[in-house]
Amino acid sequence: MLDLKFINTHLEAVKNGMDKRRAKIDFILLSDNDEKRKELLLKIEELRHTRNTVSDEIAKLKKSRENADSLIDKMRNVSDTIKALDKELAAIEKAIQDFLISLPNIPYEDVPVGKDETENHLERIWGTPRKFDFEIKPHEEIGENLGILDLARASKLAGARFPLYFGNGARLERALINFMLDTHVSQHGYTETLPPFIVNRATMTGTGQLPKFEEDLFKIEGWDYFLIPTSEVPMTNIYANEIIDESILPCKFTAYTPCFRSEAGSYGKDTKGLIRQHQFNKVELVKLTTPESSFEELESLLANAEKILQLLELPYQVISLCTGDLGFSAAKTYDIEVWMPSQNKYREISSCSNCLDFQARRAGIRFRRKGGKKPEYVHTLNGSGLAVGRTFAAILENNQNPDGSVVIPEILIPYMGGLKIIRHDV
RNA sequence: GGAGAAAUGGCCGAGUGGUCGAAGGCGCUCGCCUGCUAAGCGAGUAUGGGGGUUAAACUCCAUCGAGAGUUCGAAUCUCUCUUUCUCCGCCA
């Protein structure tokens, strides 16, 4: 959420930001409502002031056993007026709030301007895609042939877009989760958390999934609860509506959780394999920082996510999302895309964003500086470190052999109990 | 699921219709004092919004879990919700 005062004082910059995002926003209603709000508030405060002072007088009169009936009579009118105006004000404030809560973040100044994902900016490429001298297979085929993946039976259990791993496949997924968590905790200094997988409406609103994107979420029927689409949601909200001490910043959290997405509107996209699932595993990184350090922290968060791919020896590229491709809450986002041989292209495996104070204002996450008077909003950052299912897929494809076996990346071997290669279980 | 109790400032805790934004204590900050430390003394110590000021001072409005209501006036009374605790039942 943007600050109303900021919008009022920097209207052109805000409009420009929305244009760059290709978001069509009408600001006229907002300024009208804000004018009305100020007028009403002034009137109401005056009336409340009289009510407060006169009520004190009534109290004094009553104490000295004098008659206060005429004052009470007068106040009855004042009270009724206040009530009526209060209702008017509440309606206007709700309109303003509805507007603000649906307004996306402003792209940061150095974000490349562009209309959609075709205009994202390539930052760097790491590693070289391997040359195969045999007919390569997509990961779902490799997995099914090895008996470690069974998407057909998963669809019997739940439906399309659900995973079912077996044996060394299930173990590989778990190995990846443990490896990622261990690396972020012991090498990168994150605190491991294990948050709820279901959260309430306020929490979903804090990070920006609600109110605009409810159709992307799984909702628990009969409850105002939602399955998390990413652990960014519970982790970023840990300090919601709190004022935290500056000394705990930057605050770095990591978590493994399953993630649940309805994938509404993506029918026909990535229908095969593990790329797009209603349920997938993810290790997430979240940071709360001071405003002055958030971009520095974005770079290190990105580096932390990249480190996982480097250790797994998977080729990838980093791109900077253009203004038209930015997510709702993000001011700046880097995507990491891993090489997928069967598709002959790089596919998103991590998205690292700086949301500035956008989520912090929604969720009420503030901090106080040493000796500082006013609390300030923190900056929030998040990034996948990494999407586990897609990492699994990338390993299968990049490390496949002509006989259909898959080489386990060196770093994962201890996590696989010494297993170096996955062959079909006989 | 049934029965009951509770929710007040950073923390503990008083307050059941009127000078209560809230006693007292602890903690914290600043100052004083004392060989050091501890103790002692004094002052200060919530958040948001508006006015005011170079900045302050100052001032107004709101906030005692959340929302609605009663009343001239609500921390205090009523209703709904949320959370926590105790007992019973059930349960991984």
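Below, chains carry the letters A, B, ... as their sequence lines are ordered, and counting in each starts from 1.
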Cation over ring face, A:K219 and A:F226, 6.0 Å, 45° =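 That pair qualifies as a cation-pi contact.
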Write down the distance separating the [atom1] atoms in [N] and [M], rounded off to the nearest Å.
N: B:G24; M: B:C85; atom1: C1'; answer: 26 Å
N: B:A5; M: B:C58; atom1: C1'; answer: 45 Å
N: B:G21; M: B:G9; atom1: C1'; answer: 9 Å
N: B:G17; M: B:G73; atom1: C1'; answer: 8 Å

Has the side chain of A:N105 got a donor or acceptor atom that lies under 3.5 Å from a matching backbone atom of A:C355?
->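 Side chain of A:N105 to backbone of A:C355: a pair is present.
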Hey, is the main chain of A:F367 close enough, under 3.5 Å, to the side chain of A:E376 for a donor-acceptor pair?
->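 No, A:E376 side chain to A:F367 backbone: no donor-acceptor pair under 3.5 Å.
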Please state whether the phosphate of B:G73, meaning OP1 or OP2, lies under 4.0 angstrom from any side-chain nitrogen or oxygen of A:S79.
->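 Answer yes for this pair, as a side-chain N or O of A:S79 is under 4.0 Å from OP1 or OP2.
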May I ask you to evaluate whether A:R48 reaches the phosphate of B:G73, defined as a side-chain N or O under 4.0 Å from OP1 or OP2?
->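 No, A:R48 has no side-chain N/O under 4.0 Å of OP1/OP2 on B:G73.
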Look at the side chain of A:I72 and decide which nucleotide, out of B:G48, B:U71, B:C72, has an atom nearest to it.
->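 Given the options B:G48, B:U71, B:C72, the side chain of A:I72 is closest to B:C72.
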N/O contacts under 3.5 Å, protein versus nucleotides 50-60 of chain B?
residue, atom, partner, partner atom, Å
B:C60, O3', A:H49, ND1, 2.9

Using a cutoff of under 3.5 Å, can you pull out all pairs of nitrogen or oxygen atoms linking the protein to nucleotides 17-21 of chain B, with atom names and distances?
residue, atom, partner, partner atom, Å
B:G18, N2, A:S55, O, 3.1

Residue mapping more 5' on RNA chain B - nearest nucleotide basis, A:M75 or A:K87 =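 The residue closer to the strand's 5' end, by nearest nucleotide, is A:K87.
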